[in-house]
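Numbers for residues simply follow the sequence, beginning at 1. Both ligands and their constituent atoms are indexed starting at 1 by order of listing.
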Amino acid sequence: MYPKISGALLRHWLTRSVFLLLGIVLLYAPFALLTRFILFLTGAPYTADVHRICLRMPIQWLAQPWMYGTMVEQPMYLVAILVLPLLALFVGPLFCGWMCPAGQIPEILSRFVPCRFQIDLAGKVNVAPVRYGFLVGLMATTFVGGNACCSLCNFTHTQNIISAGFGDFQGLSYWASFSIVSFGLWFVVLGLFTRGGRGWCNLLCPAGALMGLTHTIGSRLKIGRSIVVDPSRCRNCKTCVASCPAWAISDRAGDVAVNAHACNVCMDCVRTCPNKAITYSSTRSHGISPERAS
Ligand code: SF4
Ligand code: SF4
């Protein structure tokens, strides 16, 4: 059951929604302002939409050295494998929790679906092996003659929906293919009908997996900022466990701990903890890793 929605949490969601709009305006056509800006600087003759700044293909290309030249010629592809993972190393996957429209839209809409109709995978699925396994599997499809990247792209679905909202329905024909299955998985099964609405992000997003990995490394090395629980303040009420859309907080044997592999730094738990026991802060200053914060 989701905890009571307070005014502070509503204001927090409103702030996150502003960043969501920023994500749409920066990444998605007809706006794609970030892409337009970079295309303007480089003079490259490409269409400005989310495909030009794809967060999936370059990750698959990591296993394809013959594609490295493309990434150097079109540096926007480096965002997925360099810029966002590097940022996540130091500040966590803020992009996932705050700006990614493909993650935030199903999360927001899932709040309108009654909990009794939703699958609750919190505590039932170990996120790390599934998401990293999928990441490796995605990269490996190249070697068995396949390409899972585009068929399983929730960024494309989000672009198609936004384009249709502005009168361009062409992208919707894309759904008359295997993509209808991935749309159903992303938006319906693992979105609206999964508690937190972040099932796809947690299990099947390679960009999220890469950021989860660097976030965890940053936390372990104590060089980054993470979600940290102060055990001296925690009263083990489990409000944070219920409020986490990414199933990243566990309560084992009375110890509350945050799983950096899964946490997308949305900070909902920071707002809902009634005892102010959770902060987004430097792991160095706490001297503890988030996994051991209990
Ligand atoms: S961290 Fe806060 S919300 Fe979570 S169990 Fe402890 S007191 Fe409750
Ligand atoms: S642990 Fe907190 S910050 Fe991390 S995903 Fe869960 S609610 Fe968001």
Which residues share a salt bridge (Lys or Arg N to Asp or Glu O under 4.0 Å) with R16, sequence neighbours left out: E107, D268
Protein contact of atom 8 (Fe) of ligand 2 - nearest heavy atom, named by residue and atom, plus distance: C266 SG, 2.3 Å
Heavy-atom pair of closest approach, residues S243 and C269: OG-CA, 3.9 Å
Atoms in ligand 2 flagged as close to I227, the criterion being non-hydrogen separation under 4.0 Å: 3 (S)
Around atom 4 (Fe) of ligand 1, number of protein N/O/S atoms which are nearer than 2.8 Å: 1
V136 reachable from L55 in the ILVMFWY side-chain graph, under 4.5 Å edges: no
For P274, the ligand 1 atoms whose distance to one of its heavy atoms is below 4.0 Å: 3 (S)
Donor-acceptor under 3.5 Å (T216 side chain, H261 main chain): yes
Whether F183 and H157 hold their rings parallel, tilted or perpendicular, with breakpoints at 30° and 60°: perpendicular
Proximal ligand 2 atoms for A246, defined as those under 4.0 Å from one of its heavy atoms: 5 (S)
Side-chain donor or acceptor of N264 paired with backbone N/O of C266 under 3.5 Å: yes
List the atom pairs, with distances to 0.1 Å, where a side-chain N or O of residues 91-102 and a protein N or O form a donor-acceptor pair under 3.5 Å, not counting sequence neighbours.
{"residue": "W98", "atom": "NE1", "partner": "V265", "partner atom": "O", "Å": "2.8"}

Donor-acceptor contact below 3.5 Å, side chain T194 vs main chain I119: no
Per-atom contacts, ligand 2 versus C263 - under 4.0 Å to a heavy atom: 1 (S), 3 (S), 4 (Fe), 5 (S)
Shortest non-hydrogen separation from F187 to L109 and the atoms involved: CZ-CD1, 3.5 Å
Closest protein heavy atom (residue, atom, distance) for atom 3 (S) of ligand 2: M267 N, 3.1 Å
Contact atoms of ligand 2, heavy-atom distance to V265 under 4.0 Å: 3 (S), 4 (Fe)
Results of salt bridge (Lys or Arg N to Asp or Glu O under 4.0 Å) for D251 - residues two or more places apart only: K238
Heavy atom of the protein closest to atom 6 (Fe) of ligand 2 (residue, atom name, distance): C244 SG, 2.2 Å
